[in-house]
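The next block holds one structure in the form of structure tokens; read it before the comments.
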Amino acid sequence: MKKITLTLSSLVIVVLFWYILGNFFVLKDEQKGSSNPKLQCVSYAPFGKDDSPFMMDKGLVISEDLIRNDLQLLSKYTNCIRTYSTVGLEMIPKIARENNLTMLMGAWVNGDEKPTRKEIDTLIKLTNENKDIVKAVIVGNEALLRGDLSDKKLYEYIKEVKTALPDVRVTYADVWEYWLKYPNIKEVTDFVTIHILPYWEDDPMEITTAIKHLADVRIEVESILKTSDILIGETGWPSEGRMREDALPSKTNQAMFVREFVKLAQEKNWNYNIIEAFDQPWKRQSEGAVGGYWGFFDKDRIDKHVFTGDVSDFPNYKYLGFGSILLVLGFSLLLRNSTISKRKLVLFTIVNTLFAILYMLQMEQFNITVRTSGEIVWATLVLLTHISIYYFVLLHIAKDTKPQIIGIRQILKEKHLNSDTLPMVMFYSSFIFVLISTIILAFEGRYRNFEVYIFAISAISFVLLYAGRFANMEFRAFEKLSAIILLITAGISFYNEGSLNIFSNVWIIIALTFTYILFRGSNNSSLSELKHLVKYIVIFFIFSIALRYGIIADKDIIAQCHLNEDTLLCGFKNAIGYWGYIGVFGVIAICLSILTLFIKNKKFSLIALFASVFAIMMFNTYVGSIAFIIVIMMMCKEGNLKALNS
């Protein structure tokens, strides 16, 4: 009877949790039923959910039907669209006119003169043909921010367009700080177009202070540049993605920001354009998952109710609740023949309830963040590993037992797999996942999500299963080195994120839990035997970091190279940057790491180690991290360590 009562209580808690999450954490529309004025202007990129501007060079042709349907929909909400490119999108003005929409027409300019020339020529041609709907033209978008070209070259492009279009207003668009850094651009534009995106600021703004920050910035720019003729060319808030400090992407925060901004802009009589019409999944490639979720409509053109209506952060809470119910009921079957104490039964219920919620929260996060084949493989492996961990921890609680501690090497050598040994295999798998993630978060964390829900399951599970017995785990040099790496990268991640990001803080607690287990379990391994390997790792990281920040990402060098790309230094920088962008270093690193499984040679192992560190620092962080772990695992084998230390 106690089992049934506690299982029912678990189900009630799960149902209440998801019901409250779905129905109480909701932004209510106080103006429901009243008519709302149309937005001044909205950013529009005419790409379907599987399209990308990077595909246009490979033959992608934008569908006129897609644009027509999009603009018919947008015409209900705005009188104007802002575009960012012209080549391949020549049909947009005609369709905009059909839907009584005006345009802020943009040309994409960068350091590559050939496509930039085509963009500018097309911009001039389309503007001359459609002066009745083109309110202004925007020559370049955040080109100075990206370092795509020098301010001098940008000035020349803008001046050329102004000369060709004397009766059309011409501007350039960039993040507000870059207008203050390059005030000379104001001399050649008819008005100033600034981007104010509180989420993306170097000091991210929490949602309750975001609008005030925007207003302060708008006033500051007007004061410094001594002009009130300012267009807020981009502002908005993402509906999904990773937290930055205390700036949290969410559906309710997006709706709150847009509604409050529009109200303020009307009061202040500001000119504005909001980013953006539709979610753009292709942006995830360069901005992480958050980049794909700035739209008022999702990738399938379904209304996210950013303007009007009630908004919930978990509109599909019923499906998530149903999943949690299935997990609770399924794992409760482990109690059928159990005769455990009341205390253990309560523990079983608490763990089952908590894990059922955490598992479905992670499923929801993966549903939002996973897109590429690599991400799908990662998510599948992580979910399968943790459903196994979920099962084993409840199995041992139900049996009132603890798993035997058998070293992972002995398990793999003897292929001795059962309910006693498999939890150790699951621990090993989970700690490798955590190690990969923490390295990525440390060195390329700006766009990486914190998968705290699922890894909280493994951290809690291994504390429950092995507490008080960590010192008996028979870990060796690799695990001790992994503990050191986890500790350092967790520290770097904390330094990068600060203390305001709750997801980062939880992740660091998870990483430190694994660090402690690994360090205690490897107490028979001496730190002195790792000193030479650690020395090489430190040297390789220092070299790679110096190269990345001293040359590849150095803004002064980037600016010099835009003025003259023919120097040896610029050729080297551009080559390294391009190879990193297309993933060459990651491929080299993973190939060399696999070869270390077969080639037992000190020099070759060091080359492979350098390649993996270099890949991590040269923007191939995910693959580089996997290669790095493979290499150090092989180098930490007893014979290899002796050779390295000799």
Side-chain angles (χ1 to χ4, degrees), residues 42-71 73-74 81-92 95 105-112 114-116 118-119 122-123 138 140-143 145-146 148 173 195 197 200 234 236 238-242 249 275-302 304 367-378 444 446-449 577-584 586 619-623:
V42 174
S43 292
Y44 174 60
F47 301 105
K49 60 184 177 181
D50 298 317
D51 296 335
S52 161
F54 304 118
M55 298 167 62
M56 296 188 73
D57 290 339
K58 301 174 183 177
L60 173 68
V61 177
I62 302 300
S63 164
E64 284 201 28
D65 289 338
L66 172 71
I67 296 173
R68 186 163 281 105
N69 292 335
D70 284 349
L71 297 192
L73 176 60
L74 291 179
I81 57 170
R82 176 187 170 185
T83 58
Y84 293 78
S85 180
T86 57
V87 177
L89 309 177
E90 292 85 353
M91 74 292 286
I92 291 181
I95 301 173
M105 187 182 292
W108 192 264
V109 303
N110 56 33
D112 193 336
K114 187 175 179 181
T116 297
K118 196 170 182 181
E119 281 280 345
T122 307
L123 174 73
I138 303 175
N141 181 72
E142 297 185 353
L145 168 68
R146 290 189 304 274
D148 284 350
H195 295 172
L197 298 162
W200 279 128
E234 280 186 4
S239 60
E240 305 287 358
R242 75 173 332 263
I275 188 168
E276 64 189 320
F278 304 104
D279 283 347
Q280 297 291 306
W282 63 269
K283 289 186 177 181
R284 295 156 54 113
Q285 181 178 341
S286 57
E287 299 177 14
V290 70
Y293 291 99
W294 289 74
F296 302 144
F297 300 88
D298 71 13
K299 63 183 187 299
D300 296 310
R301 277 45 181 174
I302 296 172
K304 291 159 68 175
N367 180 53
I368 292 164
T369 61
V370 168
R371 177 173 169 80
T372 67
S373 55
E375 291 169 342
I376 292 170
V377 170
W378 171 271
E444 202 66 36
R446 182 178 172 93
Y447 307 122
R448 176 80 176 185
N449 290 285
Y578 177 72
W579 292 338
Y581 176 76
I582 64 175
V584 169
F619 318 107
N620 296 173
T621 317
Y622 178 68
V623 178

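Only this structure's heavy atoms are used, side chains among them; waters, hydrogens and symmetry mates stay out.
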| said: Using a 6.0 Å cut-off, check whether atom CH2 of W579 has over 12 heavy atoms from anything other than its own residue. | reply: no
| task | Could you list the residues that satisfy ring-ring contact (aromatic ring centres under 6.0 Å, His included) with Y293, not counting sequence neighbours? | result | none
| Closest heavy-atom contact between E240 and I368? | OE1-CD1, 3.2 Å
| Contact summary for T369 and A289, nearest pair of heavy atoms | CG2-CB, 3.8 Å
| query | Where do A107 and L123 come nearest, in terms of heavy atoms and distance? | reply | CB-CD2, 3.7 Å
| field | Side chain E90, main chain G88, donor-acceptor under 3.5 Å | value | yes
| remark: Hits for ring-ring contact (aromatic ring centres under 6.0 Å, His included) against Y84, two or more places apart or cross-chain, chain-then-number order -> none
| field | Contacts of type side-chain contact (heavy atoms from CB on, under 4.5 Å), residue I376, not counting sequence neighbours | value | V370, T380
| Any donor-acceptor pair under 3.5 Å from E142 side chain to A173 backbone | no
| query | Is a donor on one side and an acceptor on the other found under 3.5 Å between the side chain of E119 and the backbone of W108? | reply | yes
| request: Go through I92 and I62 one step at a time and tell me if the side chain to side chain contact (heavy atoms under 4.5 Å, CB included) criterion holds. | output: CA-CA 10 Å; I92 291 181; I62 302 300; over 6 Å; no
| message | Ignoring hydrogens, what is the shortest heavy-atom contact between Y44 and D70? Give both atom names and the distance. | response | OH-OD2, 2.8 Å
